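Report on one structure; see the data block that follows.
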Amino acid sequence: MTTTPAPAAVPVERPRGILTTTCAVLLAGVLARPGWIPTAPGHLGSLTDTMLPWTALALPALFAAALLRRSRTALAAAVLPLALWLTAFGGTLTDKSAPGGDLTVVSHNVNQDNPDPQDTVRRLLAAHPDILALEELSPETAPAYERALAPVYRHHFHQGTVGVWSVYPLSDATSLPIMPWSRALRATAGTPHGPLTVYVAHLPSVRVRPTAGFTTAARDEALRRLTTCIRAENAPRSLLLGDLNGSADDRALRPLSSRFASAQTTAGAGFGFTWPSGFPVVRIDQILVDGVRATSAWTLPATRSDHLPVAATITF
């Protein structure tokens with residue numbers, strides 16, 4: 001009696017590009033609904049909001065992997081995050097500036113250890129600002145900035161680590177209690193077009209730590225107090241200048257971004273990253289406007305600080 005051997009099992013071929021397709025779909029989900037990323041643990045939501053533009057770096061890798069695997073499914077999946085990224089940030093890359101403007105404003109975190117305040121002032125004055133805000137002044141460097149700026153600006157107010165210089169008269173200048181020491185102020189500039197309330201702030205730094213995640217608690221508390229001060233005053237025309245240690249897209253800054261418009265977002269070209277100055281990866285130095293409109297916004301050349309200065313023209 002003869003037996004017929006059982007047919008050999010035919011190996012099941014896995015569809016190509018499953019991993020690439022999965023990664024593309026997950027990235028598309030983050031781009032489509034970044035708000036779904038929870039704030040806790042470790043303030044992950046704020047960190048995602050801040051770094052979202054850099055998801056563009058993953059797109060070439062997805063397309064390369066899809067082509068390498070010769071997977072049409074993976075290639076089609078990679079198109080989805082590309083389309084979503086362009087929808088979210090494509091407009092940011094275009095130049096939205098317009099000619100004209102009634103005044104120019106500049107803000108700069110000068111770095112408390114800046115070894116050459118005079119050179120920093122020279123570079124800032126090249127933009128011919130009508131209003132200049134400086135952050136991270138120190139008891140040692142503040143007098144040097146005051147001396148260097150005195151020939152150009154008759155009006156200034158400096159308190160703690162922040163200061164404002166203006167070609168227009170300043171009134172009602174006062175420090176704002178957002179921290180135990182002075183890191184925010186407000187003043188009213190008497191411009192030819194009417195009064196303009198100017199806020200200058202330097203919110204606490206944030207860090208990414210392995211055990212604590214994105215440490216934003218001190219920043220968020222100071223932000224809450226700053227927002228309370230601004231809402232209480234409810235000035236009809238105002239600027240907020242300074243190092244906010246957060247991007248305009250960071251959900252934690254929505255109490256401010258819901259009231260103010262970002263000059264860079266509405267009138268700049270590109271992301272306008274400011275930190276670190278050697279290779280900027282995020283814009284944490286902001287010019288925000290309310291009741292007036294930015295016509296152009298840009299970053300200035302590097303100084304001896306670890307931040308780039310930011311500038312904008314404003315129209316009433």
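These figures come from a predicted structure and were not determined experimentally.
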(message) Using the side chain to side chain contact (heavy atoms under 4.5 Å, CB included) criterion, which residues pair with Thr295? Sequence neighbours excluded.
(response)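 In terms of side chain to side chain contact (heavy atoms under 4.5 Å, CB included), with neighbours along the sequence ignored, Thr295 is linked to Arg293, Thr313, Thr315.
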(message) Using a 6.0 Å cut-off, check whether atom CZ of Arg122 has over 12 heavy atoms from anything other than its own residue.
(response) yes
(message) How about CH2 on Trp298, more than 12 heavy atoms from neighbouring residues, nucleotides or ligands closer than 6.0 Å, or not?
(response)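 Enclosed: over 12 neighbouring heavy atoms sit under 6.0 Å from CH2 of Trp298.
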(request) Under the side chain to side chain donor-acceptor pair (under 3.5 Å) rule, collect the residues that match up with Thr104, sequence neighbours excluded. (result)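 Partners of Thr104 under the side chain to side chain donor-acceptor pair (under 3.5 Å) test: none.
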Does a donor on one side chain and an acceptor on the other come within less than 3.5 Å for [X] and [Y]?
X      : Y      : result
His202 : Thr161 : no
Arg259 : Asn234 : yes
Gln112 : Thr141 : no
Thr216 : Ser46  : no
Ser97  : Asp95  : yes

Taking the side chain from [X] and the backbone from [Y], do they hold a donor-acceptor pair closer than 3.5 Å?
X      : Y      : result
Arg183 : Leu203 : yes
Arg304 : Pro115 : no
Asp172 : Thr188 : no
Arg251 : Pro34  : yes

What's the shortest heavy-atom distance between [X] and [Y], and which atoms?
X      : Y      : value
Tyr153 : Asp130 : CE2-O, 3.9 Å
Asp285 : Asp243 : OD1-CB, 3.5 Å
Gln264 : Phe271 : CG-O, 3.8 Å
Ser262 : Gln286 : OG-OE1, 4.4 Å
Leu256 : Thr227 : CD2-OG1, 3.6 Å
Leu137 : Trp165 : CD1-CH2, 4.1 Å

(message) Tell me whether the rings of Tyr199 and Phe260 are parallel (<30°), tilted (30 to 60°) or perpendicular (>60°).
(response)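 Rings of Tyr199 and Phe260: perpendicular, over 60°.
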(request) For the residue pair Trp85 and Phe89, categorise the inter-ring angle as parallel (less than 30°), tilted (30 to 60°) or perpendicular (more than 60°). (result) tilted
(request) Start with the C-alpha gap between His108 and Thr303, add the side-chain angles, then the distance that decides, and say whether side chain to side chain donor-acceptor pair (under 3.5 Å) holds. (result) CA-CA 10 Å; His108 188 30; Thr303 68; 2.8 Å; yes
(message) In the structure I gave you, are the side-chain heavy atoms of Phe316 and Pro192 within less than 4.5 Å of one another anywhere?
(response) no
(request) Check step by step if salt bridge (Lys or Arg N to Asp or Glu O under 4.0 Å) holds for Asp119 and Arg123. (result) CA-CA 6 Å; Asp119 180 69; Arg123 293 172 183 267; 2.8 Å; yes
Which atom pairs, one a donor and one an acceptor, fall under 3.5 Å between side chains of residues 51-60 and the rest of the protein, sequence neighbours left out?
residue : atom : partner : partner atom : Å
Trp54   : NE1  : Val281  : O            : 2.6
Thr55   : OG1  : Leu52   : O            : 2.6

